[in-house]
Amino acid sequence: MNIGIDKIGFYTPPFALSMEDLAVERGVEPAKYTVGIGQSTMAVAPVTQDIVTMGANAAIEILDEADKEAIDMILVGTETGIDQSKSAAVYIQKLLGLSNRVRSVELKHACYGATAALQLAKGHITLNPESKVLVIASDIAKYGLKSGGEPTQGAGAVAMIVSAEPRLLRLEDEASLFTDDVMDFWRPNYEAYPMVDGKFSNEQYMRFFAEVWTDYATQTGATFADLEAICFHLPYTKMGLKAFKPFLEELPEEEQERLTTRYQESTAYNRHVGNIYTGSLFLSFISLIETSSVLVAGDRIGFFSYGSGAVGEFFVGELVEGFEKQLRVEVHQQLLENRKQVTVAEYETLFSQMVDESGEQTFQVEDKSLFILSGVHQHQRQYQKQ
Ligand code: CAA
């Protein structure tokens, strides 16, 4: 039985900041952000968007009545959870009007959570071929104003429907995994922002890619010639290429060119969104399939997932016949283009508005997204469909 991604949707908040403007304000050479890190604009989340609203906004784009009836599991991968106990999946079940007869759960392992969810969904469909699973990756990457990680922030969500006989991507069974206890990036419960050793995290990312690719190639006999493209987890768009480069350089020139062009296509959307943690790898996939004009059914695409702390996984999917019909190029390009470009001062204001400990708040932000967080009452988040 073929199992994989039947549909994929994406949402990012309606505010964006130019990386050049941020660089000028921070006294940094703009090329460091736009070329060295490879980011042009950064999504900025207002207080009215959290992992629940972003996840629901991403999912509503792809759900039809048949999906709603068949979904019996909702998995939310995130590392910016809003509650230590209650799962974001249950809020999303309600906002989307999904059946009560669903298993709903939130998964965590830094940026790896949604890949874990995707693989669990695949297992679930193996046992229940008639059902569908809604997998959501939703995160707000915040490192703090004027912090080292500031140019690698972002916000957004990706929603996927996983089913038998998928119309977009068939997931292959082989996968290579690597887990090792490293302290490259973590966020203790009492901290608003993560603790990160930037240089060390880059090194670990590269080490984990080398580990899982080499193991995958050994297990399966695959070479890069077998893959039309590789999508990477992209904390910033230069990162995947840094890990890929030592391998690329060993390939014949034509193959280097092909894979580098595909890489650029797979980073086009991420360049304008920034890091969305669990969703970054899947945003890279959307970017690839909606930007490239050379992909055809049968093309095999590699995926490198990395979650700090750390877990790495390499797996492969195959584009299925008619996959083009599942693309939403115009919707996604408009989502990016219609964002309000904010000044650095406006970004700092939006950044600083948060849910606090008072338990009573009302939020007023010019946010026309379908689902918003309108406030907090008696410590309970108040979600609204507009
Ligand atoms: N023109 C062009 N390039 C320039 C430049 C200029 N004027 N000035 C600097 N650069 C280049 C540098 O040469 C460097 O390129 P290379 O890495 O290819 O050498 C690049 O710009 C970045 O410069 P620095 O290394 O000096 O930047 P930094 O010290 O400010 O740190 C960072 C960059 C480590 C990404 C930091 O922003 C950070 O800590 N970010 C958060 C952590 C992170 O994203 N880690 C990634 C791996 S972990 C992961 O993937 C999980 C996750 O999602 C967090």
Side-chain angles (χ1 to χ4, degrees), residues 17 19-20 22-40 42-43 51 77-80 108-116 137-158 178-187 191 193-212 230-246 248-249 260 263 266-267 270-271 273-284 303-314:
L17 174 68
M19 296 304 289
E20 285 199 11
L22 181 65
V24 171
E25 188 66 28
R26 298 290 182 251
V28 172
E29 173 63 40
K32 174 176 174 183
Y33 291 174
T34 57
V35 180
I37 284 177
Q39 291 302 132
S40 300
M42 177 169 98
I51 57 161
T78 187
E79 57 178 305
T80 39
K108 177 179 70 185
H109 186 113
C111 306
Y112 175 71
T115 301
S138 189
D139 272 302
I140 299 175
K142 273 182 154 182
Y143 291 88
L145 299 175
K146 302 180 183 147
S147 66
E150 189 179 36
T152 62
Q153 298 179 140
V158 172
F178 191 75
T179 290
D180 196 13
D181 183 3
V182 291
M183 297 303 282
D184 59 333
F185 173 108
W186 69 105
R187 180 157 73 87
E191 290 290 336
Y193 307 126
M195 297 182 164
V196 58
D197 184 338
K199 192 169 179 296
F200 184 58
S201 71
N202 286 356
E203 288 165 6
Q204 294 312 305
Y205 180 112
M206 292 164 75
R207 176 167 81 100
F208 276 61
F209 175 67
E211 282 286 352
V212 293
I230 299 181
C231 294
F232 288 80
H233 163 58
L234 293 173
Y236 53 96
T237 68
K238 271 289 278 298
M239 185 70 245
L241 197 57
K242 278 161 78 110
F244 200 7
K245 221 171 171 187
L248 268 179
E249 284 170 352
T260 306
Y263 181 84
S266 76
T267 57
N270 304 66
R271 173 172 269 281
V273 173
N275 196 357
I276 58 167
Y277 291 157
T278 49
S280 287
L281 170 64
F282 303 102
L283 179 58
S284 165
F303 291 81
F304 171 57
S305 181
Y306 177 73
S308 288
V311 175
E313 178 166 344
F314 191 88

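Any value given below was found using the heavy atoms of this structure, including those in side chains, with hydrogens, waters and symmetry copies removed. Treat the numbers as computed from the prediction; the structure is a model and nothing was measured. Atoms within each ligand, like the ligands themselves, are counted from 1 in listed order. Counting from 1, the numbers follow the sequence of the chain as shown.
- Both the backbone and the side chain of Ser201 come within contact range of ligand 1, each with a heavy atom under 4.0 Å.
- Given atom 44 (O) of ligand 1, the protein heavy atom at minimum distance is Pro235 CB, 3.5 Å.
- Within the 4.0 Å heavy-atom criterion, neither part of Gln204 lies near ligand 1.
- The closest side-chain donor-acceptor pair between Asn270 and Ser284, if any, does not fall under 3.5 angstrom.
- Using cut-offs of 30° and 60° on the angle between ring planes, the pair Phe244 and Tyr263 is tilted.
- Contact annotation: the side chain of Trp186 never approaches that of Glu191 to less than 4.5 Å [non-hydrogen atoms, C-beta and beyond].
- For atom 36 (C) of ligand 1, the nearest non-hydrogen atom from the set Gly198, Gly307, Gly148 belongs to Gly148.
- Taking OG1 of Thr152 as the reference point, atom CE of Met239 lies at 11.5 Å (rounded to 0.5 Å).
- For atom 50 (O) of ligand 1, the nearest protein heavy atom lies closer than 4.0 Å.
- Here is the list of ligand 1 atoms found below 4.0 Å of a heavy atom in Phe185: 54 (C).
- For atom 21 (O) of ligand 1, the protein comes within 4.0 Å by at least one heavy atom.
- Of the protein's heavy atoms, at least one falls inside 4.0 Å of atom 11 (C) of ligand 1.
- Heavy atoms of Lys242 approach ligand 1 to within less than 4.0 angstrom.
- Looking from atom 46 (C) of ligand 1 to the surrounding protein, the closest heavy atom is Asn202 OD1, 3.3 Å.
- Between Thr267 and Thr237, the side chains place no donor N or O within less than 3.5 Å of an acceptor N or O (distance only, hydrogens not considered).
- In this structure, of Lys32, Glu29, Lys245, the residue bringing a heavy atom nearest to atom 9 (C) of ligand 1 is Lys32.
- The aromatic rings of Phe304 and Phe209 lie perpendicular to each other, with more than 60° between the two planes, well past the 30° mark.
- Close approach of ligand 1 to Ser308 is summarised as follows: ligand atoms under 4.0 Å from at least one heavy atom of the residue are 48 (S), 49 (C), 51 (C).
- Contact between Phe314 and Val212 at its shortest, heavy atoms only, is CB-CG2, 3.8 Å.
- Taking 4.0 Å as the cut-off, Tyr33 does not count as a neighbour of ligand 1 on heavy-atom distance.
- Proximity of Leu241 to Leu248: side-chain heavy atoms (C-beta onward) are separated by under 4.5 Å at one or more points.
- Only the side chain of Cys111 comes within 4.0 Å of ligand 1, counting heavy atoms alone; its backbone N, CA, C and O stay farther away.
- In this structure, atom 32 (C) of ligand 1 has no protein heavy-atom contact shorter than 4.0 Å.
- Between the side chain of Thr278 and the backbone N or O of Gly77, at least one donor-acceptor pair lies under 3.5 Å.
- Of the listed residues (Thr152, Val28, Leu281), the one carrying the non-hydrogen atom nearest atom 40 (N) of ligand 1 is Thr152.
- Distance alone, capped at 3.5 Å, places no donor-acceptor pair between the Glu313 side chain and the Ser305 backbone.
- The existence of a salt bridge linking Glu150 and Lys146 is excluded, since no basic side-chain nitrogen approaches an acidic carboxylate oxygen closer than 4.0 Å.
- In this structure, atom 35 (C) of ligand 1 lies nearest to the protein heavy atom Tyr236 CE2, 3.4 Å.
- Taking the six-membered ring for Trp and the full ring otherwise, the centers of Phe208 and Tyr112 sit at least 6.0 Å from each other.
- When the heavy-atom distances from atom 3 (N) of ligand 1 to Gly149, Gly154, Gly36, Gly38 are ranked, the shortest goes to Gly36.
- Protein heavy atom in closest approach to atom 42 (C) of ligand 1: Val196 CG2, 3.6 Å.
- A side-chain donor from one of Ser308 and Asp184 sits under 3.5 Å from a side-chain acceptor of the other.
- Of all protein heavy atoms, the one closest to atom 2 (C) of ligand 1 is Ala31 O, 3.6 Å.
- Between Tyr306 and ligand 1, no pair of N/O atoms sits closer than 3.5 Å.
- Shortest contact from atom 54 (C) of ligand 1 to any protein heavy atom: Tyr143 OH, 3.3 Å.
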